[in-house]
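Counting convention: from 1, in listed order, for ligands and their atoms alike. Nothing here was measured: the structure is a model prediction, and the numbers come from that model.
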Amino acid sequence: ETGFITLDDGYVNTGSTTSKITYLDGEAGILRYRGYPIEQLAENCDFVEVMYLLIYGELPTEAQIMDFRKSIRRHTMLHEDMRSFYDGFPRDAHPMAILSSVVSGLSTFYQDSLDPHDPRQVEVSIHRLLAKLPTIAAYSFKKSVGQPFIYPQNDLSYCENFLQMMFAVPSEPFHVDPDFVSALNLLLIVHADHEQNCSTSTVRMVGSADANLFASISAGISALWGPLHGGANEAVVSMLEKIIADDMNVEKYVKLAKDKTSKFRLMGFGHRVYKNFDPRATIIKKACDTLLAKLAIKDPIFEVAQRLETAALNDEYFIERKLYPNVDFYSGVIYRAIGIPVQMFTVLFAIGRLPGWIAHWKEMQGSPSKRICRPRQVYTGPTEREFVSLEKRG
Ligand code: SDX
């Protein structure tokens with residue numbers, strides 16, 4: 001089922017595995033969660049419904065979603081002693097480092113829900129993680145700006161709650177902008193799963209050793225942090241800001257991306273699977289347009305992103321290599337519009353991807369043929385040779 005083949009030196013391509021969660025067709029630009037097209041889910045669902053669909057396999061009934069929301073709300077607070085974790089980090093610590101550390105730390109405070117073979121414990125750890133990740137993330141932002149941590153408010157929706165923990169301050173009333181809530185809801189839905197991507201494969205790999213859910217997700221967060229993966233959304237905005245500062249010289253950076261000696265890549269472009277377009281980028285770009293028009297925001301980042309896309313899509317190098325904007329290319333524009341600081345962009349990706357990671361971890365744990373993931377290799381090192389003592393070495 002899960003074979004491993006070795007390609008060039010040191011590159012192991014973990015072979016295909018079977019899964020019932022997400023289907024994607026890179027040529028046709030199709031993405032479906034449990035059979036439902038991403039476009040319909042983005043249009044009609046809220047993020048908590050999509051969480052339920054990914055983890056339990058069906059869209060919830062009225063009663064099921066009510067119970068699910070109620071259970072998640074019970075777990076939104078962090079154990080008070082966990083707040084001291086944040087004292088140990090420097091103010092400028094990257095929030096992804098804090099996220100992976102604190103998520104792994106959950107296994108020290110919630111030791112009653114670590115057994116991956118006890119369905120009741122698994123259920124509790126899933127709801128705890130879904131509920132607490134936004135709180136952990138918002139606390140990391142408050143730490144970075146020296147503001148007091150804001151407790152979750154359980155009369156708010158999942159996205160409203162996260163935004164109020166991020167931006168409310170004790171000294172003033174806080175109003176959650178409904179446009180920001182719907183934009184965030186859409187972004188979290190389109191990030192929620194993407195079959196065997198790098199971070200999801202990491203969660204499956206670590207979970208296959210019977211590591212608890214918190215430890216497995218912490219490993220996935222670390223993998224997502226990589227700039228070639230989830231970290232790309234942060235890198236896209238840094239790249240676009242650089243182009244703006246360089247007189248919007250889009251052509252110069254398209255040229256640089258084609259020059260192999262430059263090592264520079266157009267962040268937010270290209271994808272291992274999508275070779276025509278990333279359906280999520282299409283959805284996000286449209287949402288970008290709508291939100292910026294509604295808020296009457298003229299963000300130069302959006303303008304330079306569109307110019308860069310047009311220049312690249314008309315360039316032989318990108319056309320030949322089938323390099324198109326991916327999920328990360330426009331997401332940062334929306335995050336900026338709703339006030340999320342750039343160093344939190346990949347954290348938002350992690351909040352979105354959490355239900356997908358959990359669904360895959362659960363599917364792997366429950367598989368009758370589950371075994372520890374143990375890639376094999378083709379050895380290409382030296383053949384057997386005799387030991388040479390130190391004085392005899394050249
Ligand atoms: C995500 O797997 C998933 O599903 C991931 C994800 C998810 O939802 O989980 O979709 C999320 O990670 C999206 C990708 C975000 N990363 C970036 O935007 C970083 C920039 N993109 C790339 O580095 C690259 O396109 C990857 C990593 C996304 C894909 O890498 P591949 O498939 O290994 O492609 P490659 O490195 O083999 O490149 C093929 C060719 C090479 O040129 P040649 O050697 O053939 O001459 O295309 C070139 C590359 O140099 N190339 C680029 C490029 N991406 C690939 N050249 C310039 N700019 C780029 N962005």
Between the side chains of [X] and [Y], is a donor N or O closer than 3.5 angstrom to an acceptor N or O?
X	Y	value
Glu363	Ser19	yes
Asp87	Ser84	no
Gln64	Tyr56	no

What protein heavy atom lies closest to [atom]? Include the residue and the distance to one decimal.
atom	answer
atom 26 (C) of ligand 1	Arg265 NH1, 4.4 Å
atom 11 (C) of ligand 1	His229 ND1, 3.7 Å
atom 33 (O) of ligand 1	Arg272 NH2, 2.6 Å
atom 13 (C) of ligand 1	Asp328 OD2, 3.5 Å
atom 4 (O) of ligand 1	His194 ND1, 2.6 Å
atom 9 (O) of ligand 1	Arg353 NH1, 2.8 Å
atom 28 (C) of ligand 1	Gly270 O, 3.6 Å
atom 20 (C) of ligand 1	Phe269 O, 3.5 Å

Which of the atoms in ligand 1, numbered in the order shown and given with their element, are less than 4.0 Å from a heavy-atom of [X]?
X	value
Asn197	2 (O), 3 (C), 4 (O), 5 (C), 9 (O)
Ala232	15 (C), 16 (N), 17 (C), 18 (O)
Gly268	17 (C), 18 (O)
Ala257	57 (C)

Using heavy atoms and a 4.0 Å limit, tell me yes or no: is Tyr317 in contact with ligand 1?
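It does, in that a heavy atom of Tyr317 comes within the 4.0 Å cut-off of ligand 1.
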What do you reckon, does Lys258 put a non-hydrogen atom under 4.0 Å from ligand 1?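 No, Lys258 has no heavy atoms under 4.0 Å from ligand 1.
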Ligand 1 to [X] polar contact by distance, N or O atoms, under 3.5 Å:
X	value
Lys275	no
Leu266	yes
His271	yes
Phe318	no
Leu228	yes

Out of Met267, Arg321, Arg280, indicate the one that has the non-hydrogen atom closest to atom 8 (O) of ligand 1.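 When every heavy atom of Met267, Arg321, Arg280 is considered, Arg280 comes closest to atom 8 (O) of ligand 1.
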Which of these, Val327, Leu323, Leu224, has its nearest heavy atom closest to atom 55 (C) of ligand 1?
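Closest candidate by heavy-atom distance is Leu323.
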>> If you apply the rule side-chain contact (heavy atoms from CB on, under 4.5 Å), what do you find for Glu251 with Asn249, and how did you get there?
In response: CA-CA 6 Å; Glu251 290 65 29; Asn249 189 343; 3.9 Å; yes
Classify the angle between the aromatic ring planes of [X] and [Y] as parallel (below 30°), tilted (30 to 60°) or perpendicular (above 60°).
X	Y	value
His79	Phe109	tilted
Phe269	Phe318	perpendicular
Phe68	His127	perpendicular
Tyr274	His194	tilted

_I'd like to know whether Leu348 forms a side-chain contact (heavy atoms from CB on, under 4.5 Å) with Asn233, so could you lay out the CA-CA distance, the side-chain angles of the two residues, the decisive distance to 0.1 Å, and finally the verdict._
CA-CA 10 Å; Leu348 272 286; Asn233 59 12; 5.9 Å; no
To the nearest 0.5 Å, what is the distance between CZ on Arg120 and CG on Asp112?
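Result: 6.5 Å between the selected atoms.
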Can a cation-pi geometry be assigned to Arg34 and Tyr36, taking NZ or CZ under 6.0 Å from the six-membered ring centre and within 45° of the ring axis?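 No, Arg34 does not lie over the aromatic ring of Tyr36.
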Margin query: Is it the case that atom CZ in Arg385 sees more than 12 heavy atoms from other parts of the structure closer than 6.0 Å?
Written below: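 Not buried by this count: 12 neighbours or fewer within 6.0 Å.
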Count the heavy atoms belonging to other residues, nucleotides or ligands that lie under 6.0 Å from CZ of Arg321, then report whether that count exceeds 12.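 Correct, the count exceeds 12.
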Glu241 with Arg336: basic N within carboxylate O range, under 4.0 Å
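Answer for the salt bridge query: yes.
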Any ion pair linking Arg69 and Asp46 (charged N to carboxylate O, less than 4.0 Å)?
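Between Arg69 and Asp46 there is a salt bridge, with a charged N closer than 4.0 Å to a carboxylate O.
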Heavy atoms of the protein only: does one fall short of 4.0 Å from [atom]?
atom	answer
atom 23 (O) of ligand 1	yes
atom 49 (C) of ligand 1	yes
atom 31 (P) of ligand 1	yes

Checklist line | Side chain, backbone, both or neither: the part of His191 lying under 4.0 Å from ligand 1 by heavy atom | finding: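 His191 to ligand 1: no contact under 4.0 Å from either part.
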Examine the proximity of ligand 1 to Thr200 and report which part, side chain or backbone, both or neither, has a heavy atom under 4.0 Å away.
->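 None of Thr200 does.
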